[in-house]
Structures are given as C-alpha cells and as structure tokens.
Asks: 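Before we start, here is the structure in question, set down as structure tokens.
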2 protein chains.
Amino acid sequence: MQDGIGVTDRPDIGPAEDKVSGSREKGLNRVLEIFEFLHTTQRAIGIGDLAKGVNAPRSTTYTLVRSLVDAGLLEMAGDGNRVYFGKKLYLYGMDYVRGNDLLRRGRQEVDDLSRQTGETSELCMLQSGRYTIVHSSPGTRPFRISSATGLQIPLPWTASGRLLLAGLERADIEDMVSEEDLVLPDGRRLKLDDFIGDIATARSTGYCVTSGLVDAYTKCLAAPVFSAPGKVEATMCLVVPIDTSREKTDELLVLLRQRAARLSIAA
Amino acid sequence: MQDGIGVTDRPDIGPAEDKVSGSREKGLNRVLEIFEFLHTTQRAIGIGDLAKGVNAPRSTTYTLVRSLVDAGLLEMAGDGNRVYFGKKLYLYGMDYVRGNDLLRRGRQEVDDLSRQTGETSELCMLQSGRYTIVHSSPGTRPFRISSATGLQIPLPWTASGRLLLAGLERADIEDMVSEEDLVLPDGRRLKLDDFIGDIATARSTGYCVTSGLVDAYTKCLAAPVFSAPGKVEATMCLVVPIDTSREKTDELLVLLRQRAARLSIAA
DNA sequence: TACACATGTCTTTTATAAGAGACAAATTGT
DNA sequence: ACAATTTGTCTCTTATAAAAGACATGTGTA
C-alpha cells in the first residue's frame with residue numbers, strides 16, 4: 001500500500017492544476033478511473049486500496065463498486081473482498097469483436113502470421129490518440145518479447161506509430177505527441193521534425209522498420225492496414241531480434257505486408 | 001447482510017417501463033442501461049434512437065455518450081452518427097479473460113469439444129442470477145443452432161440451469177426463478193416442484209439432459225464444472241438434434257463429462 | 001489484553017450533474 | 001421549394017448523488 005514511489009497521483013496530464021483535489025467528481029468519471037486503474041494493475045484489488053488508487057473517497061468507492069458488481073461489470077474476486085473486471089465486460093468486449101470486422105479478421109491474421117513466422121506478431125491501433133496493442137500472438141522463440149495487450153505506448157517509440165499517423169496534418173501530429181513522448185526509454189530524445197519525417201517516409205514506402213527504439217534488443221517491422229484509401233486504421237507488426245539479417249527481415253516484411261494488405265481490402 | 005431493505009424496486013428484468021416517469025436518474029445507471037441496450041440490439045445505433053431506447057432525455061444521452069466515446073468505451077461507428085461498443089471494452093474484456101483461469105481454459109475446452117464432436121458446444125455461467133452463454137462454438141452441422149454469446153435465458157429452460165442451481169437451498173432457487181421463467185417458449189408451464197426435483201437429480205447424477213425444452217428440435221446435454229467441492233461454477237453443454245440415438249448421446253455425454261471434469265480440477 | 005488500523009454500512013450536507021427546453025444546422029420527405 | 005424531422009450544442013434550475021464522517025465489526029500484532 002501507499003508506495004510513495006510515484007510522485008504521480010496526477011491522474012491526467014490535464015490542462016492546468018485542476019481545482020485542487022478534493023473537489024466533487026462525477027460518478028461516471030470515477031468509474032472510468034476505476035476501470036483504467038484495474039487495467040493497469042491487472043489484478044484484483046481491495047476496495048479500500050482501490051479508493052486510494054484512484055484517489056476517491058472511500059464511501060463513494062463503496063457505492064460505485066456495489067453498483068458495478070450488481071451490474072456484473074466488476075466481480076468480487078476469489079477470496080472475498082477484492083474486485084476485478086466482471087463477465088459483463090467480457091461479453092461487451094465480444095460484442096465489439098463481433099461488430100468489428102477489422103478486429104475479428106485482424107486477430108486471425110496476426111495469429112496466422114505468428115505461427116507462420118515463429119515471431120511475435122501484433123495488431124495495433126490508435127486508442128484515443130495513443131498507440132495500443134490490440135492483439136498479440138507470442139511466437140515460438142525461447143525468449144518471449146512480452147508486451148501486454150492493451151498496453152499504451154507513446155507513438156514515437158514504435159514503428160507502428162509512424163504508420164498510424166500517416167496522412168495526418170503536422171498540427172494534428174503535434175497535438176498528439178507530447179514532449180515526454182519524444183524521450184525514449186533509454187533517455188535519448190527524438191527530434192519532432194525527425195519523427196514527422198519518419199512518418200512521411202513510412203507513408204510513401206508503405207511500411208516501417210525501427211531498431212532498438214523501445215529496447216536495445218528488438219527490431220520492429222510494421223505495415224499499415226487501411227480502412228479507406230489513405231486512412232490507416234491499424235497496423236500489423238512483427239517484433240524480431242535486432243540482429244535479424246537483412247535477407248530474413250526482407251522476407252518477413254513481404255509476408256507481413258501481404259497480410260496487412262489482405263486486411264485492408266474489405267474494411 | 002442487509003436483506004431487510006430488500007423491498008427495493010429492482011431495476012431487474014421486466015419491462016419495468018417508467019416507474020413514475022420524470023424522476024431523475026443517476027448517470028452511471030443510464031450508462032449501464034445503454035450498455036445493456038447495445039448488447040441486446042447488437043448493432044450500432046443513432047444517439048437519438050439510443051435515448052428513446054433507454055428512455056432517457058436526449059440532452060443527457062448526448063453528454064453521457066460523449067464521455068463514453070472520449071473514454072473509448074463506446075465508438076462512433078462507421079458512417080458517422082451511430083454508436084456501439086468501443087475498443088476499451090474489448091481490452092477490459094480481455095483483462096477479464098486473462099485473470100480468469102476458468103474462462104480461459106473453458107473456452108479452449110469448448111472449442112476442442114466442438115471440433116471433436118462436430119456439435120455445437122457452449123460454456124455457461126450464472127450471470128447475476130440468470131443463465132448466460134459465455135462462450136459458444138458452432139460445430140459443423142449444416143443447420144446451425146445459433147444462440148448468441150451473452151444471451152440470457154430463464155434457468156428452467158435449460159439443462160445447464162438445473163446444474164447451476166445444484167447445491168442451493170430451495171428458498172434461494174425460488175428467489176431466482178420467477179413465475180414467467182417457468183413458462184416455456186411453446187407455452188407449456190413447468191411446475192416449480194418438478195424443476196427443483198430435476199435439480200436434485202442432476203446434482204446426484206452429475207449431468208443433465210433435456211429434450212425439446214427451448215425448441216422442439218434440439219436436445220441439450222450438460223455437465224457441471226466445479227470451482228470447489230459442491231460448488232457449480234459453470235457448465236459445459238452440447239446442443240444436438242433431438243433424434244440423436246441413445247448410444248450416440250451416451251457417447252457424447254462421456255466426452256462432455258470428461259472435459260467438464262478436467263475444467264473442474266484446478267479452479 | 002489492548003492498540004492500531006482496516007472493512008463495511010449509514011446519515012447528513014451541499015456542490016453539481018441530470019434534465020427541460022430553446023436553438024441553429026443538417027437531413028428528410030412531398 | 002417548403003414544411004417536418006432529426007441532429008448536435010447550449011443555458012439554466014433544482015433534485016440528488018458525492019463526499020465527509022460517525023459507527024460497529026474485523027483483523028492483525030506487540
């Protein structure tokens with residue numbers, strides 16, 4: 001509890017220091033925060049800790065959690081007094097998949113590509129302005145490059161990010177990318193202009209390869225999935241060891257681009 | 001705990017129309033209704049219609065939908081002004097699956113069983129007191145017995161229902177089953193005592209077979225999945241033509257019960 | 001045994017979000 | 001071309017839900 005670790009407790013990089021904590025919050029917003037919190041912790045949590053975690057009053061948290069549990073969006077987990085996501089969210093999620101050709105077929109293509117190549121493969125999309133891994137299939141390598149589904153990563157850190165922003169105006173891109181997004185995990189800092197240049201390149205070549213961006217050991221190959229001419233709706237990507245040979249990389253790129261193109265047609 | 005207050009006008013099932021319409025509703029409740037509405041319609045819908053559908057003021061609906069879209073729980077669908085479930089719900093749903101051994105393994109067993117037998121196979125659970133198909137795999141028959149995932153059906157209509165209530169007190173069962181639940185789709189009416197008798201039988205035999213309950217053409221075989229000794233957490237079931245031979249049925253039952261038992265061990 | 005600190009429930013106060021309704025702009029139909 | 005709807009945004013009011021906090025239990029530990 002109470003790991004002082006994060007200076008954090010700044011829930012969102014909002015405009016200005018909103019009216020000091022302590023102000024009354026809309027119930028729905030609290031719920032949204034609860035969901036995000038559970039999504040990041042990825043485990044069941046006690047209601048008291050949850051209240052601390054989302055910085056909400058205990059009494060409020062109890063009432064909200066009760067509503068959500070009654071509705072089936074949350075469930076009391078195993079031993080008794082912990083909560084986590086509930087069946088209803090799973091059902092709604094399946095509804096989303098069913099209603100979404102791209103995702104349904106994309107998951108399939110990703111699974112197939114991963115089996116075909118043995119490499120980790122992922123389907124990525126923009127999720128409220130951020131890069132999100134929507135589905136991933138682990139591949140067969142002894143060392144797994146694990147990146148959790150639903151993880152959100154700054155756009156400039158990834159090959160997919162460069163493709164997802166293709167076709168946007170410079171201003172839009174600037175809006176989407178914050179200063180800190182340009183700082184890589186190892187401390188290096190990208191120049192915004194370089195990033196925008198990358199985007200333009202990716203757009204014209206129809207794919208993007210980045211090496212050692214998120215970590216020093218991997219290379220990322222990405223190809224765009226179009227929902228309409230010029231509109232990049234998603235990307236498929238492969239995560240491979242950084243020392244993968246030129247030939248092997250090109251070979252993988254062909255397979256990747258084939259599948260990404262196949263996904264594009266109907267959507 | 002707290003059953004004294006129970007008079008509570010349950011937001012439950014039932015048309016329930018407007019209880020003294022005009023009363024103000026909590027935003028969160030409206031959101032829950034919106035989700036349920038989308039879940040039943042299974043398609044994107046305009047905001048105006050949505051407001052009508054959940055019987056909420058238009059202005060309120062607009063604000064709520066905007067919040068939800070911003071949060072990614074809903075998405076504006078294809079052509080422009082329709083909404084449906086969003087990526088976030090999918091991601092949360094995947095979180096649920098990940099955190100839930102039973103569901104993860106259950107889906108696998110159901111898929112395997114369906115491939116092995118060629119019949120439609122389902123994983124079912126209680127969802128806030130109602131029978132719910134949590135996962136289903138269609139089988140290979142020319143005529144598909146389709147029943148949507150997430151569909152909620154009165155407990156007495158199903159074989160699984162009899163197993164899911166095994167181990168509950170008579171009083172609890174009476175609470176869960178309403179009068180109308182006892183009326184089958186074809187108009188026949190079950191006697192509560194018969195139903196409770198079925199439950200006891202199912203409990204001791206460790207499986208349940210029903211014929212022509214929901215419709216006249218199918219037979220349903222179900223086996224319990226235990227989360228603890230005596231506690232039925234879910235059921236696996238097979239939906240087969242009603243004229244399936246005795247031998248064939250027994251054979252399928254063996255396979256089904258094997259897999260259901262396998263699911264039970266670790267949870 | 002007593003102490004400190006969680007958990008879960010209830011009551012009260014007041015800041016505020018839900019709702020009604022007016023509007024302009026876009027979309028119909030005739 | 002002209003109603004007749006529907007859509008999306010805004011303003012204002014007041015019913016009400018969020019929050020504070022008291023209380024009764026529970027759980028751990030010194």
Side-chain angles (χ1 to χ4, degrees), chain A residues 1-4 9 11 14 18-35 37-38 41 43-71 73-84, chain B residues 1-9 11 17-35 37 43-71 73-84:
Chain A
M1 51 248 275
Q2 198 47 11
D3 23 330
D9 81 79
D18 34 28
K19 42 302 218 1
V20 193
S21 55
S23 83
R24 214 180 258 202
E25 257 300 353
K26 193 153 45 169
L28 178 53
N29 287 339
R30 296 246 111 113
V31 168
L32 298 178
E33 279 166 36
I34 287 174
F35 286 164
F37 187 79
L38 290 176
T41 59
R43 51 134 63 69
I45 188 177
I47 301 183
D49 291 335
L50 180 59
K52 285 204 194 84
V54 299
N55 207 30
R58 235 162 45 86
S59 59
T60 306
T61 309
Y62 269 95
T63 23
L64 291 177
V65 165
R66 183 191 297 206
S67 288
L68 294 170
V69 168
D70 286 348
L73 298 201
L74 298 185
E75 273 173 26
M76 304 308 296
D79 53 335
N81 67 333
R82 307 177 111 78
V83 280
Y84 195 54
Chain B
M1 33 221 306
Q2 210 36 33
D3 35 16
I5 298 182
V7 187
T8 59
D9 42 11
E17 279 315 284
D18 39 5
K19 22 91 156 290
V20 190
S21 61
S23 80
R24 212 180 259 201
E25 258 300 352
K26 194 154 43 170
L28 177 54
N29 287 339
R30 297 246 111 114
V31 168
L32 297 178
E33 279 166 36
I34 288 174
F35 286 164
F37 187 80
R43 51 135 61 69
I45 188 177
I47 301 183
D49 292 336
L50 181 59
K52 284 204 196 81
V54 300
N55 207 31
R58 234 164 47 86
S59 57
T60 306
T61 310
Y62 269 96
T63 353
L64 291 177
V65 165
R66 182 188 298 204
S67 288
L68 293 170
V69 168
D70 286 349
L73 297 201
L74 298 185
E75 271 173 28
M76 303 309 295
D79 53 336
N81 68 333
R82 306 177 112 79
V83 279
Y84 196 54

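Chain letters run A, B, ... following the sequence lines, proteins first, then strands; residues in each count from 1.
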Asks: Just how far is it from atom CG of A:L50 to atom CG of A:N55, taken to the nearest 0.5 Å?
Replies: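 With rounding to 0.5 Å, CG (A:L50) is 11.5 Å from CG (A:N55).
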
Asks: When the distance from CE of A:M76 to C1' of C:dT7 is rounded to whole Å, what number comes out?
Replies: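 To the nearest whole Å, that distance equals 11 Å.
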
Asks: Measure from CD1 on A:I47 to P on C:dC5 and round the result to the nearest Å.
Replies: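 After rounding, the reported distance stands at 21 Å.
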
Asks: Side chain of A:R30, heavy atoms from C-beta onward: which of D:dA18, D:dT9, D:dT7 has the nearest atom to it?
Replies: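 Minimum distance to the A:R30 side chain belongs to D:dA18.
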
Asks: Classify the nucleic acid contact of B:R82 as base, sugar-phosphate or nothing, counting any heavy atom under 4.0 Å across all strands shown.
Replies: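 Answer is nothing: B:R82 stays at 4.0 Å or more from every strand.
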
Asks: Could you measure the distance from the CZ atom of B:R30 to the CD1 atom of B:I34? Nearest 0.5 Å is fine.
Replies: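 Reported value, rounded in 0.5 Å steps: 8.5 Å.
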
Asks: State which of D:dA18, D:dA19, C:dG19 makes the closest approach to the side chain of B:E25.
Replies: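 Closest of the options to the side chain of B:E25: C:dG19.
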
Asks: Starting at atom CD of A:E33, determine the distance to atom C1' of D:dA19, rounded to an integer number of angstrom.
Replies: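 The distance from CD of A:E33 to C1' of D:dA19 comes to 15 Å, rounded to the nearest Å.
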
Asks: Which residues satisfy the side chain to side chain contact (heavy atoms under 4.5 Å, CB included) test with B:T63, sequence neighbours excluded?
Replies: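 Testing B:T63 for side chain to side chain contact (heavy atoms under 4.5 Å, CB included), a comparison that skips the adjacent residues, returns none.
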
Asks: Which whole-number value in Å describes the distance from B:R24 CZ to D:dA15 C1'?
Replies: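 Taking CZ of B:R24 and C1' of D:dA15, I get 4 Å after rounding.
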
Asks: Suppose we screen for side-chain hydrogen bond (donor to acceptor under 3.5 Å, both in side chains). Which residues come up paired with A:E75, at least two apart in sequence or across chains?
Replies: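 A:E75 satisfies side-chain hydrogen bond (donor to acceptor under 3.5 Å, both in side chains) with A:K87, B:Y96 once adjacent residues are dropped.
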
Asks: For the atom pair CG (B:L73) and CZ (A:F35), what is the distance rounded to the nearest 0.5 Å?
Replies: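 Nearest 0.5 Å value for the CG-CZ distance: 6.5 Å.
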
Asks: Would you please name every residue forming a side chain to side chain contact (heavy atoms under 4.5 Å, CB included) with A:Y84, sequence neighbours left out?
Replies: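 Expected list: A:L38, A:Q42, A:A44, B:D95.
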
Asks: When you get a sec, tell me which of D:dA17, D:dT7, C:dT9 is the closest nucleotide to the side chain of A:R66?
Replies: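 Looking only at side-chain atoms, A:R66 lies closest to C:dT9.
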
Asks: Tell me, please, which residues at least two apart from A:N29 pass side chain to side chain contact (heavy atoms under 4.5 Å, CB included).
Replies: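 Partners of A:N29 by the side chain to side chain contact (heavy atoms under 4.5 Å, CB included) criterion, ordered by chain and then number, come out as A:E25, A:K26, A:L32.
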
Asks: Give, ordered by number, those residues of residues 58-65 of chain A having at least one heavy-atom distance below 4.0 Å to an atom of DNA chain D; if nothing qualifies, reply none.
Replies: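 DNA chain D contact set from residues 58-65 of chain A: A:S59, A:T60.
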
Asks: For A:N81 and for B:L28, find the nucleotide of DNA chain C with the closest heavy atom, then tell me which residue's nucleotide is more 5'.
Replies: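 Result: A:N81.
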
Asks: Describe, as an angle rounded to 10 degrees, how the axis at the first end of the helix from C:dT1-D:dA30 to C:dT30-D:dA1 is tilted relative to the axis at the last end, five pairs per end.
Replies: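 Computed from the C1' atoms at both ends, the axes differ by 50°.
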
Asks: What closest approach, in Å, do A:L64 and A:G27 show between heavy atoms, and which atom pair accounts for it?
Replies: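 Heavy atoms only, the tightest pair is CD1-O, 4.0 Å.
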
Asks: From CG of B:N29 over to P of D:dA18, roughly how many Å is that when rounded to an integer?
Replies: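 Spelled out: CG on B:N29 to P on D:dA18 is 9 Å.
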
Asks: B:Y62: which residues meet the side chain to side chain contact (heavy atoms under 4.5 Å, CB included) condition with it, sequence neighbours left out?
Replies: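 For B:Y62 the side chain to side chain contact (heavy atoms under 4.5 Å, CB included) partners, ignoring immediate neighbours, are B:I47, B:R58.
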
